[in-house]
Amino acid sequence: MKRKLPHPPRENHPALWRSFAELENTPEFAHVIEREFPGGTARNGSGLTKRDFVKLMGASVALTALTGCRRPEAQLVPFTKGVEWSVPGKFLYYATAMPIRGGAMPLVASTVDGRPTKLEGNPLHPASNGATDAFAQASVLDLYDPHRSRAVKRGGRDVLAGEFEAYLAQISEKRPDGLAFLVERKNSPTRDRLRGELEQRFPGLIWSEYEPLGDDREAVTAAFGPGVRLVPKFERADVILALDSDFLSSASEYGPAYAAGFYPRRNPDQLGAPMNRLYVVENHFTCTGGMADHRYRCKASLVGEFARRLATRIVDLTNHSGLATLLGAAPQTKADFDEKWIAECAADLARNPGRSLVLAGGQQPAWVQGLVFSINEALGNHGMTILGVADEAPPAAPLGRLVEAIRGGAVKTLFILGGNPAYNAPANFALRDLLTRVPEVVRVGLFEDETSAVSEWHVPAAHYLEAWGDARTFEGTYTAIQPMLMPLWGGVSELEVLARLGGNAQPSGLELVQQTYRILSGAASTDPKDAVFLQGWSEFLRNGFLPGSQATAKDLAFRATEVVRLAEAAAPVEAGIELVFLQSSSVDDGRYANNSWLQETPDFETKVTWDNVALVSPATAERLGIRANNFGLLQKVTALNHEVDFDMVADLITLNAGGVAIEAAAIVAPGHADDSISLALGYGRKGVSALFENVGFDAYPLRTSESPRFRTAISVSGTGRTYPLARTQEHKSMEGRDLFREATRERYKKNPKFVQSMGLVDAHNPPTTSLYEHPRLTAPEQWGMAIDLNTCIGCSACAVACQAENNVPVVGKAEVRRNRDMAWMRIDRYFAGSPENPEMLAQAMLCQHCENAPCESVCPVNATVHSEEGLNLMAYNRCIGTRYCANNCPWKVRRFNYFDYNQRPLEELYWGPLAPKGMADSLKMVKNPNVTVRMRGVMEKCTFCIQRIEEAKISRMVQAGPRNKYDVPVPKFQTACQQACPSDAIVFGNIADPKDRVTRLRQSDRGYVTLKYLNTQPRVTYLARIKNPNPAMPDAAMVGMANGPAGGHH
Amino acid sequence: MENAGNPSAPLYGVGAEFATAADLTRAAREIRGAGYESFDVFSPFPIHGMDKIVGARRSPLGRIVFIGGLTGFLTAVAVQYLPSAVIYPLIVHGKPTGFFAIPAYFPILFETTVLFSAFTAFVGLLMMIGLPRFNHPLFNWERFKGVSGEGFFAVIESRDPRFSTEEAGRFLESLGGSNVTVIHED
Amino acid sequence: MAEGTVISVEESARAAVERQPLVAPGRTMGWISDYVSSIVESQSPRWWWVAISITGSLTLLLLACLTYLVATGVGVWGNNHPVGWAWDITNFVFWIGIGHAGTLISAILFLTRQKWRTSINRAAEAMTLFAVICAAIYPTMHVGRVWMSWFLIPVPNANGIWQNFRSPLMWDGFAVLTYFLVSVLFWYTGLIPDLATLRDRATTKVRKFFYGILALGWRGGNRQWRHYEMAYLLLAGLSTPLVLSVHSVVSFDFAASVIPGWHTTIFPPYFVAGAIFGGFAMVLTILIPARAVYRPLGDLITVSHIDKMCKVLLFTGSIVGYAYLMEMFMAWYSGNPFERATFWYRVTGPYWWAYALMILCNVAMPQLLWFRFFRTHVIWVFVIAMFANVGMWFERFVIVATSLTRDFLPSSWGMFHPTWVDIATFAGTLGLFGTLFLLFIRFLPMVCMFEVKAVLPSANPNPGGKH
Amino acid sequence: MANFFPKWTNQLPWKVGVCLSVLTVSIASAVTYYFTPKYTKVGYQPTQPVPFSHALHVDQLGMDCRTCHSFVEVASHSNVPSVQTCMSCHTQIKPDSPKLAPVRAAWNEGKMDGPPVNWVRIHRLPDYVYFNHAAHVNRGVSCFSCHGNVNTMEVVYQHEPQSMSWCLDCHRQPENALRPPAEVFNLNWKATSAHEQFQLGSKFKAEWGVNPPTDCGGCHR
């Protein structure tokens, strides 16, 4: 029956939108969409428009329907003006790049309705294999961080942006002397160009760059002359020795860019290229150390000595004169190493001249790096596995020189663009106090932080997704940085500030970059209307880089004498306990302290979230009386009980050096070097934001400019107090369950089917059969995944990517402590072997999408059932939250929303309805519109990115139209984790298609499923890890033995 | 003989009280012997073997309950099997949806059968003994209160063809009944 | 007749020396009615007011906790990621277990003609109902979205989707609901004649009215008794398989899963035995104080009753002990290392103390009941029963929670810590249970009068004949 | 003494019983009728800021749905036309009709910075439901199937319950909805008979490999 229910006349309440797609015609929004032509947008001053712009954006949340018959009125607000290229609700992809120390990480940003929600690698780019790291994945959250600074401040008072622009204009006219710049290390041609202009405009200008974790370039310049950068060629290296160098993780300046070269050589099934061999010498477990075929524990301060001993062996083997003379000059320190280890390692290197590669950590003392260069020289690796390229970036003054200038009172006006030197500068500079001596400090930064506190001006900076820019990647390719939307809170970009100082009254980032592009591309005409130019330019933007712009190769002329001079300057290392400064896998050097995705991503080794901890070896812990944690009782460390850490509290210790003392929570780290303590930088920040106040411990106070990597002669004392830690994994041992399987290359050759002989029950059970016939999964697409443990290093990029793609909520430290983290994708980390020097095993764990899924049969309401395509589905809106499925999941990958994590402030979860409801408007913008935001009381888990699967299938249908859709192939797509993985360890696809790569991998000899004997038929296959030990090495017997000497036979 | 209830109101019957269960049993046997049809004996607890004496057949309740149970069983089949196997089968835990899914349905088949049976038993009971009935001529008889304490009563009802007030009263007295009373409705 | 009486005298004499009578000699039917009813008819004693004010406030606490839970989220409990079920389901199984003695005593002992049941079955049945009410709170409230739990009811809806009857939780829901309803019917049917007693003795208008309504106009005629007895027999017959099925179904929640320590075929008999054990323990815990307060009850609930219940306690306790052993043996015998590890952790792992406590309370302590001394000394019995109550709670905790703390993947092992809400909620259900029981003894006959009368010698219709 | 309860109370139990059963039955039927989307949603017809008549534009002027809902074939979401679209005609036709005031306000002499037109949403699915227009209209499912004869509506109202079971009916038996691709946007097209529709539908279903998802994943992500 048909009734008309005329709706009561509308009252004027703020409109609501179901989808952001049909939003608003406000000028701001129009501009956002037209990110291509942002010139002359009203950015200045009026914070108001910005705010309701954000309000509009925020409105993209779904409606909450009232109960009862009267329908709440919702409104559709169409664009007033159609926006070109934007199709409501469809993703648009733009090439851009994220500036990093070494240059840039090429990215593709997925934007929906004008807001970027997800970042992926740019597969077209020569310096990228389409992968990213955790930081890049999480940087999109920084963009929307509600704690970002929003207002221009002078002397702590809000002022209009116009005032700051006037100030800049006045400087560029008056041309005062004593002008200085302190900037982050970037490789941006436009910035260099503007800098050049400024240097002419302001003679005597000091341009200083500082990166707390940047590689020290001094040694390179000394060894190969100025303007040279080294590019290692891993694909050519058969033997690699990493000396305190974590080149695989983002800790290296060039991040996962190296991966492309390295991982293909780790594949034992690869024909042609033999599997490479990796030696690692380090004091604590790094991702690289986890991959090592042979790993040697060594104090970071003794790595130099280790290199010297190695060099002597190599001299014996190669009689290289240059190296010999250098050895004469190198300082000697007493240390007892496993000489056999060194000898065999040296022999292995010497056996492979020109095909070996020795790397030293970028922050090791200059002479150590010099020594390593000359080892490579002796091995004839230069030009073979190590190439030199021209370094276009003009040299900048080190922070030291700026500091002297400030001390001398030569600096009148200091521009600090980005970075946070007041917090992370070397302690011996006492920069925080120095800055107060500078008459005018102008600070442009994303957050109001320690540096803003001591600056006259604080100006909100534009996020790299908000402003035009450019960069060179580590091998020199000229790369575009496109903004995805207008600055949310009116940030200004570094380039604009420089341009204004250069006298450009109305600078536009676009034009600035275009000019640089013209120069670099050698475009004949400089006329922006020129068709040829525009065509090239749009090409440049579409691909994200300028083809053939790689830096010119330079042959490496090794200058032994310079290196000798470095060595002579160096002194032997003092004995005693050392403190090693690490890059945090969560907050880098502290710049991501406000990024909750990263804060909650467990450290790859300790699995600690929201904190940094001091890592100590079992032996040292025992000596210092640091207790390990068993069954909730802190106990003295003995060989027996550092197996388990339950009930996460740790001893607080005091680290004292040169009269400066810091506190830190200490935990026992297997495989850590003795007499050495590792502490990640970037934590313990004050006044960043309420939520992250006093998380972790600040290690910078002990860090000096002389040795950025370590501090020797540390005195350690207990405090008697303990500190609560939030760890997502408490157990270290695999308990002989062979969830992770590995073997040596030899064994693999001898018995290619070795994985089948592993696994407690799996190996011996008769083939599991069912009583009844299983319903046949009929769809032509059957989704499955293969994870190659051989190349997975546990870097967590996949985990963060999953969080970004699937709107996985953050729960905060307190909740993680209650074992309520929500990660759909986690990295299980086990240790195998002796606690002193074990192997580290990293295993990506996610929903296995079992064909016979135990979780399904126990759900009383059919909220989780199976799809025809073999997906284990989870219907949130049907779930009532009995948690039975999670209990019955052998892999424990299901996650339950114990609270309304999306809607309530994390620190007020227990206040229930009394706490304010709703999330920050800007945080709504980062949510993926294609994934439901889960509410309290429902179960959730990995869906194999079903939204991407469905998108692909639908686009096939659209393409097929009135034809048989099965004649049209499903367009290629990747899951978020697969796309992010730098080592290509995750492969997803259709296992019903024999040609699909995943099908081949599932059938490979190394392939196995965990807990096979349960006969749940998982759709996730793991490929066993193959190690490539050197039989002559003393520890060879211990390598590849994660499943026990018997290799799994129990 | 005293009266109970409203003498002008219709007559219900004549009742007498007995001392012990044994006396009542004996009395019942006699009354039956005298050929009375509609009479009943009242006691604080079920007297063993009384049914035989008053010549009552076995209660049919059992058969009724069986039907109730059957209904419950079929309901459960309809609620479980049809939707999950026939109307809208889903792939759950790779388990069959057809006939071989039946074992999973046993618990509820059983529970529902018991539930329906129990309710039939209770409702059936009430129907057969004509409860709830709050008003009854017997309640007019003051001494009858004792029936739930330690009193034993026999009542010959007026609807018995051989009934006559005097005769019945005398007869009961002759059986050793005390406080013989004529019971009227109110 | 005469000689018949002689024989009966001799008989009863022999009986007197052989065993304690079920009802102390010299107690007439009148006395039974008078005394049992007087408990209900007299003024509430002071201790009653004290007791109910305590339990009542605990009940309010329960309400507060549940409100907080639903308004805030399941997170206010200690449940976490490996441990999705903890105190909630532990308490559920605990209460359901207690709810078993009642129907068992009534039904099974009735069918097996155990006359000694008569004076305790009423209280036991009442206890069953109250325990099941407490139990039902947990599965209802532990779900994440209580307001959506109507999804569990198979009614046609606009979503065109049906329940999953393969889920043990569905079985559970039906079993518990059925058990509750059938127990209510059984209990009420048994009450009708006694309610009539109260009705007939009632003096005030209010009592006349309410007991009159409740008694449904029962007249105690043979026409009613014969159907009544049949109905009672049928209900007893139905309840007997039911009571055995309910806890078996509850155990399916665990037995039907894949988790080591849960996935065990021994569970159904093991759980039922445990339930009877716990149930009888609770009956004793309640009746012994009641006996102490209402002294003359001692003549109805005699030492011989307690002695008999102790024997049941000893028997079931030993079955439970055997089950513990069997679990261990099977874990070892299966050769499945996951099984082995789980049970090894139970004994040696972080929760070893819970396991030890369980063994002490459920297996060790009841062994004392081999000795007549302990069976007949009420204080001892009470102490042992208390141990059994505690032990049964820990058995459920060990099975439900600690199995989850360590299952297949060591990476996801974790501990469970109760929050104050967990504790307060449990205390609250104890309060609710107490409140309901106190109300019961104030307003309903605690002992089944008509059945007790029926076992008196004077109830024999033909004293001459042999019965 | 007399009975405590008067005679008439003997009838009470039956009366109460009958009343209760009648009550429960009526409540049940009321709920099933009044609280289902069929009743609560169908016929919802709010007043719109601009009295736009589909009947006029489609039936009389013969405009195609896609003229205004331009993205329906490519996007998950069928867009409401931008003011630009309206004004592309209405700058010439009825340029100053009072009905168009809100549109002109938003248009604002082509500066397009006026207050947006707030249309009232009629068809609304919950936010956990992902419906895709493109997937349907490209595969022979007409607008008519979900929106009814919008072409004849003076003021648009909701024509179908759009409840989950309603969706499933079609997903389980797409034969009843599939029509020739050419007729998808022709809301007047009708198969001559249910039988013919079924024939046609089955044919298309086979030819196009139409296999609509009937598990959760199809719509819930």
Side-chain angles (χ1 to χ4, degrees), chain A residues 631-632 646-647 729-731 733-737 739 760-761 815 818-821 826 828-830 843 845 854 856-863 865 878-884 886-888 890-892 895-900 909-913 935-939 1011 1013-1014 1016 1050, chain C residues 68 70-85 139 142-152 159 161-170 172-173 253 256-259 262 335-338 341 349-350 403-404 406-417 419:
Chain A
F631 306 155
F646 270 126
D647 204 30
Q729 180 179 346
E730 302 155 357
H731 203 71
S733 156
M734 195 160 58
E735 296 294 318
R737 294 184 172 187
L739 303 158
L760 297 168
V761 202
E815 283 294 285
R818 296 187 187 91
N819 292 344
R820 289 174 187 169
D821 60 299
R826 62 171 199 258
D828 287 353
R829 185 268 300 117
Y830 302 108
Q843 183 171 35
M845 186 52 68
E856 288 170 1
S857 61
V858 297
C859 175
V861 292
N862 272 332
V865 297
R878 177 72 178 172
C879 177
I880 61 171
T882 66
R883 300 189 295 290
Y884 199 171
N887 292 343
N888 207 25
W891 290 268
K892 289 283 172 283
R895 294 289 180 256
F896 182 71
N897 289 275
Y898 279 100
F899 287 109
D900 225 341
L909 289 173
Y910 282 78
W911 288 91
M935 78 175 297
R936 147 161 81 97
V938 303
M939 191 60 69
L1011 304 178
Y1013 87 100
L1014 291 174
T1016 64
H1050 299 281
Chain C
Y68 180 46
V70 175
T72 308
V74 184
V76 300
W77 282 343
N79 304 36
N80 56 38
H81 273 139
V83 190
W85 285 349
H142 92 292
V143 300
R145 304 200 295 170
V146 181
W147 52 94
M148 284 297 177
S149 34
W150 65 272
F151 281 166
L152 287 163
N159 299 345
I161 179 168
W162 208 242
Q163 287 67 25
N164 172 17
F165 287 98
R166 289 184 188 81
S167 168
L169 277 184
M170 285 304 277
D172 217 11
D253 284 348
S257 80
V258 298
I259 301 302
W262 278 16
N336 179 332
F338 296 95
S403 307
L404 288 172
R406 295 184 152 205
D407 63 349
F408 291 95
L409 266 57
S411 63
S412 26
W413 288 357
M415 299 284 281
F416 168 78
H417 304 288
T419 64

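Predicted model only: the values in this text are computed from it and were never measured.
- The minimum heavy-atom distance linking V858(A) with S167(C) is given by the pair O-OG, 2.6 Å.
- Among all heavy-atom pairs drawn from R878(A) and W162(C), the shortest one is NH2-O, 3.6 Å.
- Here the closest non-hydrogen pair linking R145(C) and V938(A) is NE-CG1, 3.6 Å.
- For A71(C) against P913(A), the heavy-atom pair with the smallest separation is O-CD, 3.5 Å.
- The residue among G78(C), P82(C), S149(C) with the most heavy atom pairs within less than 4.5 Å of chain A is P82(C).
- The greatest number of non-hydrogen atom pairs below 4.5 Å with chain C, out of N897(A), V865(A), D821(A), L909(A), is found for D821(A).
- Formation of a donor-acceptor pair under 3.5 Å by the H142(C) side chain with backbone atoms of T882(A) is found in this model.
- Under a 3.5 Å cut-off, the side chain of Y884(A) and the backbone N or O of W85(C) do not form any donor-acceptor pair.
- When every heavy atom of V258(C) is checked against every heavy atom of P890(A), the shortest pair comes out as CG2-CG, 3.9 Å.
- Taking the six-membered ring wherever Trp is involved, the centroid distance between the rings of Y898(A) and W77(C) does not fall below 6.0 Å.
- One distance of note links CD1 of I880(A) with CG of L152(C); it measures 4.0 Å at 0.5 Å rounding.
- Two residues are said to be in side-chain contact when any heavy atoms from C-beta on lie closer than 4.5 Å; D172(C) and P860(A) fail this criterion.
- Of all the listed residues (D828(A), N887(A), D900(A)), the one sharing the greatest number of non-hydrogen pairs under 4.5 Å with chain C is N887(A).
- Comparing M935(A), E815(A), Q843(A) by heavy-atom pairs within less than 4.5 Å of chain C, the highest count is held by M935(A).
- Remark: R737(A) fails to qualify as a cation-pi partner of F408(C) under the 6.0 Å distance and 45° angle criteria applied to the six-membered ring.
- At distances below 3.5 Å, not a single donor-acceptor pair connects side-chain atoms of H81(C) with backbone N or O atoms of R895(A).
- Neither the backbone nor the side chain of V146(C) comes within contact range of chain A; no heavy atom of the residue lies under 4.5 Å from a heavy atom of that chain.
- Side-chain atoms of S412(C) and M845(A), non-hydrogen and from C-beta on, never get closer than 4.5 Å to each other.
- Heavy-atom pairs under 4.5 Å with chain C peak, among G912(A), A886(A), C859(A), at C859(A).
- With a 4.5 angstrom heavy-atom cutoff, F165(C) does not touch chain A via any of its atoms.
- A 4.5 Å side-chain heavy-atom check between S411(C) and R826(A) finds at least one atom pair inside the cut-off.
- The candidate from K892(A), R829(A), R936(A) with the greatest count of non-hydrogen atom pairs under 4.5 Å with chain C is R936(A).
- Between M148(C) and V861(A), the closest side-chain pair of non-hydrogen atoms is not below 4.5 Å.
- If you measure heavy-atom distances from F896(A) to chain C, the contacts under 4.5 Å come from both the backbone and the side chain.
- The backbone N or O of G75(C) sits less than 3.5 Å from a side-chain atom of R820(A), completing a donor-acceptor pair.
- When side chains are defined from C-beta on, V76(C) counts as touching F899(A), because their heavy atoms get closer than 4.5 Å.
- Looking at heavy atoms from C-beta onward, L409(C) lies in side-chain contact with L1011(A) at the 4.5 angstrom threshold.
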